[in-house]
Structure formats: C-alpha cells, structure tokens
Peer 1: 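Have a look at this one.
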Protein chains: 2
Amino acid sequence: MRAEKKLQTRQSLLDAALALMETGRGFSGISLREITREVGIVPTAFYRHFPDMESLGLALVEEVSSSFREAIRLVRSNQFEHLGAISASVQIFVDYVVAHRQLFLFLAREQYGGASVVRQAIEDMQQRFITDLVADLKLMPKQRHLRDDDLEILADLIVKTVFSSLPELINPAELKGAPLQLAQDRLESKLRFIFMGAKYWRGIRWAASSSDGATASE
Amino acid sequence: MRAEKKLQTRQSLLDAALALMETGRGFSGISLREITREVGIVPTAFYRHFPDMESLGLALVEEVSSSFREAIRLVRSNQFEHLGAISASVQIFVDYVVAHRQLFLFLAREQYGGASVVRQAIEDMQQRFITDLVADLKLMPKQRHLRDDDLEILADLIVKTVFSSLPELINPAELKGAPLQLAQDRLESKLRFIFMGAKYWRGIRWAASSSDGATASE
DNA sequence: ATGTTTAGTGAACAGATGTTGACTGAAATG
DNA sequence: CATTTCAGTCAACATCTGTTCACTAAACAT
C-alpha cells in the first residue's frame, strides 16, 4: 500500500499536467508549483516522483506512446476484416483519440513546439511508428510494387498526416453541431488521396536528386 | 530620423525574439526581459513598441506570413514554365525557407504549440493559403475532374504536408553531409504521391458520412 | 530660439518560480 | 515492539519575471 499510493500520486501529477494544458498553454508554460497545487501537495513533494519537469514530460511521452500503440493495435485487429479498410480504421482511431483527448492534445501541442528533449522523444516515437507501418505495408499485396524507400516515404506521409490532423480532432474550439465528424471525414479523404497515389505509383526513378530540370512529368 | 530609428529597434526586438528561439525553447518560453537584454535596451523600453509579448508574437506571424506569400509568389512564377513542376517548385521553396531559416523555425514551432492567440493567427494564415491554393488548382486543367470539396481537402493535405516538412528542412540537428537534400527529396516524393492520387481520384461518393460499413473498397 | 513629443533610462515594486534542508508521521521491515 | 524507510510538510532562499512611475535628452514642430 506504500508504493501503490505513490504510483497513484505520480499519476495524479501526470494528469494534472495534462489538465493544465487545456488552458491553452504549452507544456513548457506550466510550472512545477502549478502542478503540485492542482494535485494538492506541497511543491517539494514533486521531487519524490520526478527529478525535474523535463522527466515528467518524458513520462508523458511514454504514456502517449503506449496509448498510441494501443490505438494502432485496435485499428490493425479490425483492418483485415472489413472491406472499407480506411473508413473503418479512421473510425476506430478517431474514437480512441477522443476517448484519450488530453493525452493526444499533449502530443499535438508538443510534437514540434516542445522543449528539445521532449520533442526529440516524440520524434523518436514517430519514427518507430513509421518503421512499424513500413513493415505492415510490406505485408499488403497491394503495395508490392513499391520500392522500400518509397514505402518509407509513404509511411512517413501517412503518419505525419495523421499527426497533423490531431488538432482538429481534439480542439473543442468549434461551435457547429458536428465538427468532429467533419474532421474525421477530412482525414479519411486525405488518406484516400494518399493510398490512391500509392496504387498508381510508378517506380520511375527521376534521375539524380538535385537540380536537373528534365524529370518525369507531373 | 525619429520614426526610422524606432522601426529599426522594433525590428531588432523581432529579430532578437527569433534568435532566442534557436536555443530550443518555444516562443512562450522567452521573456520580455531576455529580448530587451539581447537588443541592448532597458526592459521598460519594450512598451514603446509593443503593448505586450502577445502582440510581438502576432507581429512575427505577420512577418512570416508575408514571407511565406513571397515564397509562394516565387514558386508560382516559375511553375508554369518547367515540365518538372513539382521538382522545380520544391527546389525554389526549400531555397527560400533555408534563406529565412529563423522565421520558418518560428512558424514550425508555434503552428501547434504556441499560445492560443498566436496559434489562431497561424491557423488563419494556413487557411488563407489553402483557399489560395484551391483557386490555383482550379485553374489547372489536370485537376478539373475534382469536385470543389475534394479540391479543398487536397489543398489542405498539400499545405499541411509542406508545413509538417518544415522542421526537417530547418533543423541543424543533423550530422551527415547532405540531410537537407534528403529532406527536400522526401518532400518532393510526398507531393508526388499526393498529386498522383489526385490524378486518379474518382469522384465516387461513398454514401453518407458516418458509420455505414459498406463503402467503396480500398 | 522655444516648446513639445517621445525613445530610452533607472529605480523600485509585488509576485511567482525552482530548489535547499531539516522535519514528521505512518507504513514497512525485522 | 523497536527500527528503518520515505511520501509529504514547512519555512526560507535567491532569482527572475512583468509592470509602475518619474526622469532625461535628443529629434521634432512652431
């Protein structure tokens, strides 16, 4: 009961940090004292759980990382059943995101704006997702015509598109009736664009990388 | 010579804010006093130019906005010449971004992470770009098979893809020889995926928006 | 030449922040 | 039961912050 209570307040600290981010500020704009105030403990008790704010941020990254993995797991388990794979996948994913709003709000806010260590951790997480997605895509017969490096870029595009859609999936700053469904449809369409592009991708190498003008059209 | 000098130090304040962001912190992590210290004036002189930090941030958004417009103008003036439109456009754009690194660093950092007012201003700017791009795409004969709302989503996808590529185009945190050229190639390939998807886009309406399972395949 | 405007100065304030060290009291251990 | 462990308390600190007010002096207008 000693360590159990400790983990409990530790979680309270993490939750308080997430809750305070709903005021509109970034993670770096939240103070140690604010968090402890929210939890109801004295500022110095913070150090019983984290050496500093930075490592609390890293703990949040880990939390959102495993949460994201869970969402992916849910999507994947249904992906091979339905025919409308994209639609079903997006539906599952969006449901999961709104059910864990605060966590993904943190992710959306800090993916580029956070302190360098937290940002780096998020980038690493993103890269792992991309790598995993590449492995998944390799198993799909529809993507067999794509080269490995093209697959990597495709996966990167998909992941970044999903990440960049997080703000509109989360923000309560909408007045009309069904802005969530609209954002969800938009994400679905975007992925449809991308996968359509992948389907008709021609492995044409457009010569060297740099500035020779004569490339394949389009 | 009185107002000229004033504009000069005002610009110094803006530049100092950008310069301080290269320390890794977000805009909200920079203090008023730090900026004045960097410029070499006393803290209270700040108020001769901005009522508070927030409006300095908004001034930065305006600056990056007009800078971005200039980049787009450059891209557009060459777009109708070459055949390798994507490659040339990306080349021009990337050149412009690295030439104005600090401004676009600010944009990349604050697009989601910034204080609510600044973030909102950036979102508005993004939306104007999307609207403009829709108008542009409408003029291109290759995109005539796309419905208006599909064009909107396509433009959204393109703009967000470019925005999400900004960090890798800017960050000096690379050790190898040519990471910039690599990032540039990646952006080019992503846009190629997207435009390929647009080319083969079929205007099929997949029924209503919400949760009916029977959708078009893929 | 005289008076006004104003960018920048300088001192000082109230408040918030991170971090310190010594403490308390209850749970865990033996 | 005696002892150790340790999550949380309490008071205090040095530091940094944004903002105030009265001021100086140089550029401007008259």
Side-chain angles (χ1 to χ4, degrees), chain A residues 1-60 63 106 109-110 113-118, chain B residues 1-60 63 109-110 113-119:
Chain A
M1 192 181 251
R2 78 289 158 229
E4 174 188 344
K5 181 71 179 175
K6 175 164 187 180
L7 285 182
Q8 191 173 323
T9 59
R10 180 193 146 103
Q11 188 60 44
S12 297
L13 288 170
L14 294 171
D15 292 345
L18 290 179
L20 286 170
M21 288 190 65
E22 288 199 279
T23 64
R25 292 169 293 172
F27 176 74
S28 60
I30 301 173
S31 70
L32 181 151
R33 288 179 108 104
E34 260 180 312
I35 294 180
T36 58
R37 215 176 296 141
E38 179 92 353
V39 174
I41 60 177
V42 91
T44 52
F46 179 92
Y47 298 101
R48 301 293 176 193
H49 304 273
F50 303 99
D52 46 33
M53 283 287 291
E54 178 177 297
S55 70
L56 195 168
L58 291 179
L60 282 177
E63 197 170 348
F106 169 79
R109 285 264 180 79
E110 304 300 314
S116 48
V117 184
V118 171
Chain B
M1 193 182 249
R2 80 284 159 233
E4 175 188 345
K5 181 69 179 176
K6 177 165 185 180
L7 285 182
Q8 191 173 320
T9 59
R10 181 194 145 102
Q11 188 60 43
S12 296
L13 288 170
L14 294 170
D15 293 345
L18 291 179
L20 285 170
M21 288 190 64
E22 290 198 279
T23 64
R25 291 169 294 171
F27 175 74
S28 60
I30 301 175
S31 72
L32 181 152
R33 289 181 107 103
E34 262 181 310
I35 293 179
T36 58
R37 215 177 294 139
E38 179 92 354
V39 173
I41 60 178
V42 90
T44 53
F46 179 92
Y47 298 100
R48 302 294 176 190
H49 304 273
F50 303 99
D52 48 33
M53 283 287 291
E54 179 177 294
S55 70
L56 196 168
L58 291 180
L60 282 177
E63 197 170 348
R109 285 265 180 78
E110 303 300 315
S116 48
V117 185
V118 172
R119 182 174 53 234

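Because the structure is a prediction, the values reported are computed rather than measured. The sequence lines fix the lettering, A, B, ..., with proteins before strands; numbering per chain opens at 1.
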Peer 1: Taking the side chain as every heavy atom from C-beta outward, state whether V118(A) and F106(A) have any pair of such atoms under 4.5 Å apart.
Peer 2: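 With C-beta onward as the side chain, the pair touches.
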Peer 1: Could you tell me whether M53(B) contacts a base, only the sugar-phosphate backbone, or nothing, with contacts defined as non-hydrogen atoms closer than 4.0 Å?
Peer 2: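 Touches nothing.
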Peer 1: To the nearest angstrom, how far is E4(B) atom CD from dG8(C) atom P?
Peer 2: 13 Å
Peer 1: I35(B) has an atom CD1; how far is it from atom P of dG18(D), in whole Å?
Peer 2: 9 Å
Peer 1: Identify all pairs in which a protein N or O lies below 3.5 Å from an N or O of nucleotides 4-7 of chain C, and state each distance.
Peer 2:
unit_1	atom_1	unit_2	atom_2	d
dA7(C)	OP1	K6(B)	NZ	3.2
dA7(C)	OP2	K6(B)	NZ	3.4

Peer 1: Side chains of L32(B) and F50(B): closer than 4.5 Å at any heavy-atom pair?
Peer 2: no
Peer 1: Taking the side chain as every heavy atom from C-beta outward, state whether F27(B) and R109(B) have any pair of such atoms under 4.5 Å apart.
Peer 2: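 No, too far: nothing below the 4.5 Å cut-off.
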Peer 1: Does any N or O in the side chain of K6(B) come within less than 3.5 Å of the main-chain N or O of R48(B), such that one atom is a donor and the other an acceptor?
Peer 2: yes
Peer 1: Could you pull out the protein-nucleic contacts involving nucleotides 15-17 of chain C (nitrogen or oxygen on both sides, under 3.5 Å)?
Peer 2:
unit_1	atom_1	unit_2	atom_2	d
dT17(C)	OP1	S31(A)	OG	2.8
dT17(C)	OP2	R37(A)	NH2	2.7

Peer 1: What distance separates S31(B) OG from R37(B) CZ, expressed to the nearest 0.5 Å?
Peer 2: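 S31(B) OG to R37(B) CZ: 6.0 Å, rounded to 0.5 Å.
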Peer 1: Please report the distance, rounded to the nearest Å, between CZ in R25(B) and P in dC16(D).
Peer 2: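 After rounding, the reported distance stands at 13 Å.
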Peer 1: Reading DNA chain C from 5' onward, which residue's closest nucleotide shows up sooner: D52(A) or V42(B)?
Peer 2: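 Its nucleotide being nearer the 5' end, the pick is V42(B).
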Peer 1: Round to a whole Å and report the spacing from CG of L7(A) to P of dG8(D).
Peer 2: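 Nearest whole value for this atom pair: 11 Å.
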Peer 1: Using whole Å, what does the distance between atom P of nucleotide dC6(D) and atom CD1 of I41(A) come to?
Peer 2: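 After rounding, the reported distance stands at 17 Å.
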Peer 1: Can you find a heavy atom in the side chain of I41(A) that is under 4.5 Å from one in the side chain of T9(A)?
Peer 2: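 Sidechains of T9(A) and I41(A): no contact.
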Peer 1: In terms of the nearest nucleotide of DNA chain D, which residue is placed more toward the 5' end: A3(B) or P51(B)?
Peer 2: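 It is P51(B), whose closest nucleotide lies nearer the 5' terminus.
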Peer 1: The side chain of P43(A) is closest to which nucleotide in this list: dT19(C), dC21(D), dA27(D)?
Peer 2: dT19(C)
Peer 1: What is the distance from CZ of F46(A) to C1' of dC6(D), rounded to the nearest Å?
Peer 2: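 So the two atoms are 18 Å apart, to the nearest Å.
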Peer 1: Got a salt bridge between E34(B) and R25(B), using NZ or NE/NH1/NH2 to carboxylate O under 4.0 Å?
Peer 2: yes
Peer 1: Using only atom types and a distance under 3.5 Å, with no angle test, would you say the side chain of D15(B) pairs donor to acceptor with the backbone of L18(B)?
Peer 2: no
Peer 1: What nucleic acid atoms does Y47(A) come within less than 4.0 Å of, heavy atoms only: base, sugar-phosphate, or nothing?
Peer 2: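 Result for Y47(A) = base.
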Peer 1: Can you measure I30(B) atom CD1 to dT17(D) atom C1' for me and round it to whole angstrom units?
Peer 2: 15 Å
Peer 1: Nearest 0.5 angstrom please: M53(B) CE to L60(B) CG, how far?
Peer 2: 8.5 Å
